[in-house]
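Beneath this line is the structure, given in structure tokens, with notes to follow.
These figures come from a predicted structure and were not determined experimentally. By convention in this document, chain letters (A, B, ...) are assigned in the order of the sequence lines, proteins followed by strands, and residues within each chain are numbered from 1.
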Amino acid sequence: MNITLPDGSVRDLKPGSTGQDLANDIGPGLAKAAIAVSVNGIQKDLSDPINEDSEVSIITLDSEDGLEIMRHTLTAQVLARAVQNLYPGTKLAIGPTIKDGFYYDFEFKKPISPDDLERIEKEMAKIINSKSSITKKLYSKKDAIAVFKSKKETYKELIIEESDQSDDFQLYYQDDNEFVDLCRGPHLPSLKHIGSFKLTKLAGAYWKGDSKNKMLTRIYGTAWKNDKDLNAYLHSLEEAEKRDHRKLGKEMSLFHFQEEAPGMVFWHPNGWTIYRLLEDFIREKLSDYGYQEIRTPQVVDRKLWEASGHWDKYRENMFITEIDEEHANEKRTNALKPMNCPCHVQVYNQGLKSYRDLPLRFAEFGSCHRYEASGTMHGLMRVRGFTQDDGHIFCTEEQIESETKLFIELLSNIYKDLGFDSFDIKLSTRPEVRVGSDEVWDKAEQALESAIKKLDLPYTLEEGDGAFYGPKLDFVLTDAIGREWQCGTFQADFNLPERLEAEYVGEDGKKHIPVMIHRAVLGSFERFIGVLIENYSGKLPFWLAPVQVVVASITSDVDDYAEKVALALEEKGIRCSLDLRNEKISYKVREHSSTKTPVIMALGKREQESNSVSVRRIGSNNNESISLEQALKDLSIENSKRH
RNA sequence: GCUCAUAUAGCUCAGCGGUAGAGCACUUGCUUGGUAAGUAAGAGGUCACCGGUUCAAGUCCGGUUAUGAGCUCCA
């Protein structure tokens, strides 16, 4: 049979030859490095026979695929075996690979602590040292279940039982031990191929990801080809930690949280400056795109929430308020608004609307409160009190597509100015439980999809992930350590307008129900600022920096000149602070650099005599001497460019 | 909400049964120094909160609250 290699060359091998035979045939170096093969795009064990003409590539640890196989073997064959050696009776659940590493879920008889990880690592090293070969056997469903039943591996049994496969269950063995694990493979042919690894953390995880199920213990780890790669990865994690907005928020004095108001931000002057600048920026953009800004109440009677359906479906997330009985002369229950939409419909409903009024775009920087589960809070990214750059578009079904297109343009435009050149779009389609006819869903899903396609943007489809009231687009940004955060959103809604009796008079003179589109670009100011800080590592662009320039005197003789320069900057609308402290200039430079001030102007006798300034930019070790006049001109221009 | 962990000075952390510690920051003195830490002294803590064990509790145990990492859920 003919085997075609990735470089196009063809080798003639006997049918039934294995990947290892092929590697041997190519050369001794590869024969040693080979860990698996890809046959016609499907990964196979090196020991699997190849029976017909195929395109085959040999996988080694030099490829991402190879690393993944190694991580897989490490978790399923080494970590799992080590844990069972040390803690007999521990049940195995699942152990997949993830980005840069792997995890394994166990049910321990007694809980273990993070200190145990070191012990497990040592046991793993011992197992790897045995350099055992790994072999696999195929079992029928019945036999496979019997194997795991005898070992009391209830989770494995369940996995096999629930599988629709009837035979060829792959069980992997090591040659020096009776350890066995079910696996779809492929695995390393031998433990000698394992590179460098480290167990990183211990956490709970629900069986099958369902919070109704039992919580298992998950051990996370990372693995690389060698120590060098492992250390580089660990170092990159440390670097990412330095960008954490919670850390930078403290260092730059942007905001804080405290026990009395969990999940609610205390904005400091510096942080609030960023917030306001961002709000002004968005306000201008919205106005350019035909939105009218409104403002609606924070505390609203439960009657409205009952009408909107929130009281039924969302109450566990709402802060409910009651008026002190002693003082209230009316008894009513209110809720802090968790969303702005019902209030926006109230504004829409004032006065009769004609089809000529549509699309009608309302915007509100709406302050919302949601009682989030305690474990979900995360710095600015997930809070209980936040402000959305919310907006609702009332339009006809026919207008959905053009509104989608217009919105994505607005969003891309804003994201680009704020330093995000790329973002992920997720299109979520109809869920099983939903309102509205299939025809309307068809139309809405098509409208959303066709708008993204016309803009030639990549997107991923999340089938069945839409809201019960309509399909949606989510716009996702990534934080310093790779966690994804949904920021922008665009959701068509066929439900709420009807519930809250929104109408318009159509061309036909009859009343119709408009479609309502919920949309936000930033999502929430809080989250977006968190992502923004991490994306810039705190080094915000000039226009967004809370303090744009620090004017620092080198000796006290030039304090007067420094004051003059600061005043001139302020007159140009530049936010500056004056540092006349009795400290050396290098001390001042260090301090202002660490708080990420974009520009430091160090002023000494030379500058005073020539009416100039020395400009030092954040991130640069150089400084440039220019005339004060030129500096004022340059910085004013820079300040007016908002990107 | 669940699992595990953590909570000591403004910040970062050490101390883990026997009179509260360090570095930085802060205040004051000396120093006027040219681009990432000049120098000396001083001040600063009900060791998150509530209870228990003990002659004695930051230190051991239990609970509460908050925070962190995951899981679940979401902007």
Side-chain angles (χ1 to χ4, degrees), chain A residues 98 103 105 108 111-117 200-220 244 246-247 250-251 253 256-263 314 316-317 338-339 366 368 370-384 386-390 467 474-477 481 483 485-489 491 518 520-528 530-531 552-559 580-594 600-607 614-618 620-625:
Chain A
I98 49 175
Y103 66 77
D105 286 346
F108 283 92
I112 61 163
S113 81
D115 299 334
D116 290 278
L117 292 185
T200 49
K201 56 197 168 194
L202 196 62
Y206 299 109
W207 165 240
K208 289 186 162 183
D210 189 333
S211 58
K212 288 190 208 76
N213 289 341
K214 185 164 191 151
M215 182 157 280
L216 306 171
T217 304
R218 178 172 294 180
I219 296 176
Y220 283 92
D244 190 311
R246 293 166 298 185
K247 190 175 158 67
K250 216 175 255 175
E251 285 169 8
S253 186
H256 82 271
F257 291 90
Q258 64 185 54
E259 227 174 292
E260 290 81 354
Y314 205 71
E316 59 176 25
N317 284 297
M339 296 179 192
C368 295
R370 295 181 191 170
Y371 183 79
E372 299 289 351
S374 57
T376 62
M377 261 122 48
H378 181 89
L380 291 178
M381 306 295 202
R382 184 80 180 267
V383 290
R384 286 182 177 160
F386 58 99
T387 305
Q388 294 178 310
D389 63 323
D390 205 3
D474 285 324
F475 301 84
V476 177
L477 296 171
I481 49 179
R483 283 189 280 214
W485 294 100
Q486 183 196 317
C487 292
T489 190
Q491 314 182 357
H518 310 253
V521 175
L522 305 183
S524 86
F525 281 87
E526 288 75 7
R527 175 176 293 178
F528 198 89
V531 179
S553 56
I554 292 169
T555 70
S556 53
D557 294 345
V558 296
D559 285 358
L580 305 180
R581 289 176 305 171
N582 175 14
E583 294 293 350
K584 291 197 170 180
I585 193 62
S586 46
Y587 181 91
K588 296 185 184 183
V589 166
R590 180 178 194 276
E591 188 174 293
H592 300 302
S593 298
S594 72
I600 299 171
M601 287 186 181
L603 305 182
K605 292 201 181 80
R606 285 207 299 271
E607 286 74 20
S614 141
V615 172
R616 183 190 166 108
R617 294 273 175 173
I618 186 77
S620 153
N621 289 323
N622 302 322
N623 50 85
E624 186 194 8
S625 226

* To do: Quick one: label A:Y371 by what it contacts on the DNA or RNA (base, sugar-phosphate, nothing), any heavy atom closer than 4.0 Å.
  => sugar-phosphate

* B:A69 and B:U32: how far apart are their C1' atoms, nearest whole angstrom? -> 50 Å

* Among B:A75, B:A36, B:G34, the nucleotide that comes nearest once only the side chain of A:S586 is considered -> B:A36

* Asked: B:G68 phosphate, OP1 or OP2: any side-chain N/O from A:R246 under 4.0 angstrom?
  -> yes

* Asked: Within the structure shown, what part of the strands sits under 4.0 Å from A:E372 by heavy-atom distance: base, sugar-phosphate, or nothing?
  -> base

* Asked: Reckon A:G379 touches a base, only the sugar-phosphate, or nothing at all at heavy-atom distances under 4.0 Å?
  -> sugar-phosphate

* Mind checking A:Y103 for me? I need base, sugar-phosphate or nothing, with any heavy atom below 4.0 Å counting as a touch. => nothing

* To do: Quickly, which of A:D474, A:L477, A:L522 forms a side-chain contact (heavy atoms from CB on, under 4.5 Å) with A:C487? Name it, please.
  => A:L477

* Does A:D389 reach the main-chain N or O of A:G523 with its side chain, forming a donor-acceptor pair under 3.5 Å? -> yes

* Could a donor-acceptor pair under 3.5 angstrom be found where the side chain of A:R382 meets the base of B:C73? -> yes

* Asked: Is the base of B:G70 touched by the side chain of A:Y206 through a donor-acceptor pair closer than 3.5 angstrom?
  -> no

* Asked: OP1 or OP2 of B:A69 less than 4.0 angstrom from a side-chain nitrogen or oxygen of A:H378, does that happen here?
  -> yes

* Interatomic spacing from OH in A:Y206 to CG in A:L216 - rounded to 0.5 Å -> 11.0 Å

* A:A602 near the nucleic acid: base, sugar-phosphate alone, or nothing, with a heavy-atom cut-off under 4.0 Å? -> base

* Asked: Can you tell me how far C1' in B:C24 sits from the matching atom in B:C61, rounded to whole Å?
  -> 36 Å

* Report yes if a side-chain nitrogen or oxygen of A:Q491 is closer than 4.0 Å to either non-bridging phosphate oxygen (OP1 or OP2) of B:A75; otherwise report no. => yes

* Structure fact -> Between A:G523 and A:V615, the residue closer to the 5' end of RNA chain B by nearest nucleotide is A:V615

* Could you encode protein contacts along nucleotides 45-50 of chain B as a string, one character per nucleotide from 5' to 3', using B for base contact, S for sugar-phosphate-only contact and - for no contact, with a heavy-atom cut-off of under 4.0 Å? => ------

* Has the side chain of A:S553 got a donor or acceptor atom that lies under 3.5 Å from a matching backbone atom of A:V558? -> no

* Take atom P in B:A56 and the same atom in B:U72, then report the distance between them in whole Å. => 48 Å

* Asked: Would you say the side chain of A:S614 and the base of B:U35 hold a donor-acceptor pair, judged only by whether the two atoms sit under 3.5 Å apart?
  -> yes

* Any donor-acceptor pair under 3.5 Å linking the side chain of A:R384 with the backbone of A:E372? -> yes

* Structure fact -> Pairing partner of B:A36, by Watson-Crick or G-U wobble and under 3.5 Å for both distances, is none

* To do: Would you classify A:I554 as touching base, sugar-phosphate or nothing, given that sugar-phosphate means primed atoms plus P, OP1 and OP2, and contacts are heavy atoms under 4.0 Å?
  => base

* Rounded to whole angstroms, how far apart are NZ on A:K584 and P on B:U32? -> 10 Å

* To do: Specify the residues of residues 587-594 of chain A, ordered by number, for which at least one heavy atom lies under 4.0 angstrom from an atom of RNA chain B.
  => A:Y587, A:V589, A:R590, A:S593

* Asked: Does B:U12 have OP1 or OP2 sitting under 4.0 Å from an N or O in the side chain of A:K250?
  -> yes

* Watson-Crick or G-U counterpart of B:G51, or none if no pair lies under 3.5 Å -> B:C61

* Can you tell me the pairing partner of B:G23 across any strand shown, Watson-Crick or G-U wobble, with both distances under 3.5 angstrom? => B:C11

* Asked: Checking A:R527 side chain against A:M381 main chain: does a donor-acceptor pair fall under 3.5 Å?
  -> yes

* **C1'-based separation of B:U53 from B:U59 [nearest Å]** => 13 Å

* **Between B:C2 (C1') and A:N213 (CG): distance, integer Å** => 12 Å

* B:G34 base to A:E607 side chain: any donor-acceptor pair below 3.5 Å? -> yes

* Structure fact -> From CG of A:L202 across to P of B:U6 the rounded distance in Å is 12 Å

* Distance between the P atoms of B:A57 and B:G52, in whole angstroms? -> 12 Å

* A:E526 side-chain N/O to A:R382 backbone N/O, donor-acceptor pair under 3.5 Å -> no

* To do: Taking atom C1' in both B:A22 and B:G15, compute the distance separating them and give it to the nearest angstrom.
  => 11 Å

* Nearest 0.5 Å please: distance from the CD1 atom of A:I600 over to the NZ atom of A:K588. => 11.0 Å

* So, A:R246 and A:D244, do they make that salt bridge, N to O below 4.0 Å? -> yes

* **Inter-nucleotide C1' distance (B:A48, B:U6), Å rounded** => 12 Å

* Asked: With distance as the sole test, does A:K605 use its side chain to make a donor-acceptor pair with the main-chain N or O of A:T555 at under 3.5 Å?
  -> no

* Asked: Hey, does the side-chain of A:S556 have a donor or acceptor N/O within less than 3.5 Å of a partner on the base of B:U32?
  -> yes

* **Partner residues of A:Y587 under the ring-ring contact (aromatic ring centres under 6.0 Å, His included) criterion, sequence neighbours left out** => none

* What distance, rounded to whole Å, do you find between the two P atoms, one in B:A20 and one in B:A9? -> 15 Å

* Structure fact -> Considering only heavy side-chain atoms of A:P114, the closest of B:A5, B:A75, B:U72 is B:A5

* Asked: So, for A:M215 and A:G204, which heavy atoms are closest and what is the spacing to 0.1 Å?
  -> SD-CA, 3.8 Å

* To do: Both distances under 3.5 Å, Watson-Crick or G-U wobble: report the partner of B:C2, or none.
  => B:G70

* Can you tell me the Watson-Crick or wobble partner of B:G44, both distances under 3.5 angstrom? -> none

* Which comes earlier along RNA chain B counting from the 5' end, the contact point of A:M377 or that of A:R606, where each point is its nearest nucleotide? -> A:R606

* Would you classify A:G604 as touching base, sugar-phosphate or nothing, given that sugar-phosphate means primed atoms plus P, OP1 and OP2, and contacts are heavy atoms under 4.0 Å? => base

* Asked: Above 12 or not: heavy atoms from other molecules or residues under 6.0 Å from CD of A:E316?
  -> no

* Describe the nucleic acid contact of A:T555 in one word from base, sugar-phosphate, nothing, applying a heavy-atom distance below 4.0 Å. => base

* Asked: Short question: side chain of A:R370, backbone of A:P338 - any donor-acceptor pair under 3.5 Å?
  -> yes

* Structure fact -> A:E583 has its side chain closest, among B:G34, B:A66, B:G38, to B:G38

* Distance test, side-chain N/O of A:S374 to OP1/OP2 of B:G1, below 4.0 Å -> yes

* Distance in angstrom units between A:R384 CZ and B:A66 P, rounded -> 7 Å

* Asked: Reckon A:Q486 has a side-chain N or O less than 4.0 Å from the OP1 or OP2 of B:A75?
  -> yes

* Look at the side chain of A:R616 against the base of B:A36 and say whether a donor-acceptor pair falls under 3.5 Å; ignore hydrogens and angles. => yes

